[in-house]
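Quick one: the structure is below, and I'll ask about it shortly.
In what follows, every chain begins at residue 1, and chains take the letters A, B, ... in the order their sequences are listed.
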Protein chains: 2
Amino acid sequence: MSGLPNVRRPATLASLAAELGVSRTTVSNAYNRPDQLSAPLRARVLEAARRLGYPGPDPVARSLRTRKAGAVGLLLTEALSYAFRDPAVTGFLEGLALACEQANQGLLLVPVSPEAVDVTAVHQAGVDGFVVYSVREDDPHFLAVLERPVPTVVCDQPHNVEGVDRVGVDDRAGMLGLARHLTELGHRRVGVLCMRLAAGRHDGPALPDRQAGATYPVQRDRLGGLRDGLAEVGVDWADVPVIERFEHSVAAGRDGAQELLAAHPEITAVVCTSDILALGALGFAADKGLSVPGELTVTGFDGVPEAERAGLTTVRQPVLEKGRVAGELLLQRGDRNRPRRVTLPTELIIGETSGIPRGDERFFSGW
Amino acid sequence: MSGLPNVRRPATLASLAAELGVSRTTVSNAYNRPDQLSAPLRARVLEAARRLGYPGPDPVARSLRTRKAGAVGLLLTEALSYAFRDPAVTGFLEGLALACEQANQGLLLVPVSPEAVDVTAVHQAGVDGFVVYSVREDDPHFLAVLERPVPTVVCDQPHNVEGVDRVGVDDRAGMLGLARHLTELGHRRVGVLCMRLAAGRHDGPALPDRQAGATYPVQRDRLGGLRDGLAEVGVDWADVPVIERFEHSVAAGRDGAQELLAAHPEITAVVCTSDILALGALGFAADKGLSVPGELTVTGFDGVPEAERAGLTTVRQPVLEKGRVAGELLLQRGDRNRPRRVTLPTELIIGETSGIPRGDERFFSGW
DNA sequence: TCGTCGAACCGTAACGGTTCAGACGGCCCT
DNA sequence: AGGGCCGTCTGAACCGTTACGGTTCGACGA
């Protein structure tokens, strides 16, 4: 082909119409309503388009007129690139993508300037709706999304936003089930390793104040479920140390566990609010030569594939399904005006990382 | 808040201007060029906007006028949802997302209707450019992308598309290095397990005709590198069985290996053109009780984390870097008119799945 | 006193389509 | 012959914004 520079101004619908001596309407119809013009004319239009290198109606102009962008926006609290590293997120993405491609809709990942208050990206996004994945209640990007006059679906958190659909799981109940499993095994000295509870970098003990001020409802609920479960056997929540980590990574889990056990060596079970953190805790135990579950019980939350491979005791949530439902909630909304709230089931997975507390032989000797 | 239905027609820049008795230009400037109007007036504008619920300039209309969409499109050959399952792809995505968020650009995943010839999604996409990830040379979606008057960057394949940037690795050289490693170990009876070579579902032996008609240059090159390496020690490529799999999954690798070894039990090394397939081959060996590398050598290509954990001998390619470069090529293009071609290095990773051929003791006894 | 200048604001013309209410001619039907 | 209908195509309005090239006006220097 000729070496035309890429900067050539492409043909427009109007120029094509002029060339053919027909109205713009007719050219438009050739693309969008083939039944509105005769077959021969349509063929002529399409042929001329090919000849002139007209790529078809401009998507942006079309969007402006039709008020449809053909895409849904996805807002993640973390940096975009992080999303692809967290298996729980990729599972969610997979489900969401599934729903999107079924509806032939694009999926726009909205860039979140790290730690910046710059929400222009949210304003920039040409989308028909937003899916918001697990963000803080007071996240400025989220607030910007709410201002946009498009439907929104929240996954996981925040909870109970007026007029906004939500899909999630019952984190509290899930954790309660896990807590009962642990208390039945006999655990009473429990320590917690949790994810970020609120805005701002914070690593270390999450004291009652911090817990009370948590702006991540999911974390709040998971802690709450554990508290309730422990209360059932008379364990006072005030006696349960909670270590928080800002980063969500295996490495963070590892040194979180280190911090927890250094300060509270009496602990027999480390309850993590995510599998990733739990995998880190397992790593720490391995480093220290602590046998799991012989000397230490470790549990997670999420049920990601890696955790399954590691035999982790955890609470599985249907991440892919969450994504799919989020997409469907957004794309298949009829004219309903009442927001929908979908809660998916969790499942307690008893793996090989939970056992009776060390030094507690009653389950073997008592009978 | 009041229970206003979400369907209310939002205020426009024009209505806001009318309300305030200023021109539209001024309102626009309030958002885009604060220096073009006095601070008090700007405050008045913004205050009125808040009061009237004006969410700021409509992104689509803005895009139309400014000819910028603020997003790059990503075309994947596979179904969108597949992308999140392949670790090589997620690595690439991570890098690409990194580049995008750095430039504050969105990343639009273009839905590819499975197996359909429906390229409307490509036409629909409101983007400033496309990144095309590893598609067939004759992929209709890809051809549709080329017709769009926006810059395009290809990752991996196809090769040598006129006027289009590309980033990739030297697959041929990478595989050549691996081949030499194998021939140095003494392997002469080699079998190959490769990914899809061309359009159409095909599972089973890839005979010379099929190989010659391959429309996936990456697979072509990897096979070519192996052929060259084997030729160096006098092995005729015609004697090397190649099994093709349409699906790219561990399961496919497993039964591909099964097919390969059932038909050619004399083989001492299974060379896979991807780590995923190789992991499947390892699975097959484990099922059969074949020790690796004692009785069978297995190699991969890509260097994904799972492979590393499995100790696979493979060729590592910098997937994250590929994504990053692809993004930069697209976003940081100056006015250059010459297309850029970036080739990143590969690295031979000698793991624990490659050893001397079974029954070949010359390396131990010959000296 | 007058010319000049910069700050502040404005009018108009795109940007590239889609949509809807017709116009027009031919055909069938009565 | 006349009326109605249908298949085709057109004209003009509109989608919501920004680019471009002004205009206005008060301050200021000579």
Q: Please state whether the base of C:dT18 and the side chain of A:R24 form at least one donor-acceptor pair under 3.5 Å?
A: yes

Q: Check A:D139, A:V135, A:D138 against A:T215 for a side-chain contact (heavy atoms from CB on, under 4.5 Å) and give me the one that passes.
A: A:D138

Q: State whether A:S38 places a side-chain N or O below 4.0 Å from either non-bridging phosphate oxygen (OP1 or OP2) of D:dC9.
A: yes

(Q) Quick check on D:dT18: is either OP1 or OP2 less than 4.0 Å from any side-chain nitrogen or oxygen of B:R62? (A) yes

Q. Looking at B:N29, does any N or O in its side chain come under 4.0 Å of the phosphate oxygens OP1/OP2 on C:dC9?
A. no

Q) For A:S28 and C:dT18, is the shortest distance between a side-chain N/O and OP1 or OP2 below 4.0 Å? A) yes

Q. Between the side-chain atoms of A:R65 and the base atoms of C:dT18, is any donor-acceptor pair under 3.5 Å?
A. yes

Q. Does OP1 or OP2 of D:dT10 have a side-chain N or O of A:T26 closer than 4.0 Å?
A. yes

Q: Ignoring backbone atoms, test whether B:T25 places a side-chain nitrogen or oxygen under 4.0 Å from the OP1 or OP2 oxygen of C:dC10.
A: no

Q.
Is it true that, when you exclude B:Q102 itself, more than 12 heavy atoms of the residues, nucleotides or ligands shown sit nearer than 6.0 Å to its CD?
A. no

(Q) For a quick check of understanding: with a heavy-atom distance under 4.0 Å over all strands, which category does A:L37 fall into, base, sugar-phosphate or nothing? (A) sugar-phosphate

Pairs of donor and acceptor atoms involving the side chains of residues 12-24 of chain B, under 3.5 Å and at least two apart or interchain, shall be tabulated with distances.
{"from": "B:T12", "atom 1": "OG1", "to": "B:A14", "atom 2": "N", "distance (Å)": "3.2"}
{"from": "B:T12", "atom 1": "OG1", "to": "B:S15", "atom 2": "N", "distance (Å)": "3.0"}
{"from": "B:S15", "atom 1": "OG", "to": "B:T12", "atom 2": "N", "distance (Å)": "3.0"}
{"from": "B:S15", "atom 1": "OG", "to": "B:T12", "atom 2": "O", "distance (Å)": "2.8"}
{"from": "B:S23", "atom 1": "OG", "to": "B:T25", "atom 2": "N", "distance (Å)": "3.3"}
{"from": "B:S23", "atom 1": "OG", "to": "B:T26", "atom 2": "N", "distance (Å)": "3.2"}
{"from": "B:S23", "atom 1": "OG", "to": "B:T26", "atom 2": "OG1", "distance (Å)": "3.3"}

Q) Do B:R148 side-chain atoms and B:V122 backbone N/O form a donor-acceptor pair below 3.5 Å? A) yes

Q) Between A:T12 and C:dG16, is there a side-chain N or O to OP1/OP2 distance below 4.0 Å? A) no

Q: Respond yes when some side-chain nitrogen or oxygen of A:R33 is under 4.0 Å from OP1 or OP2 of C:dT19, and no when none is.
A: yes

Q. Any side-chain N or O of B:Y31 under 4.0 Å from OP1/OP2 of D:dG16?
A. no

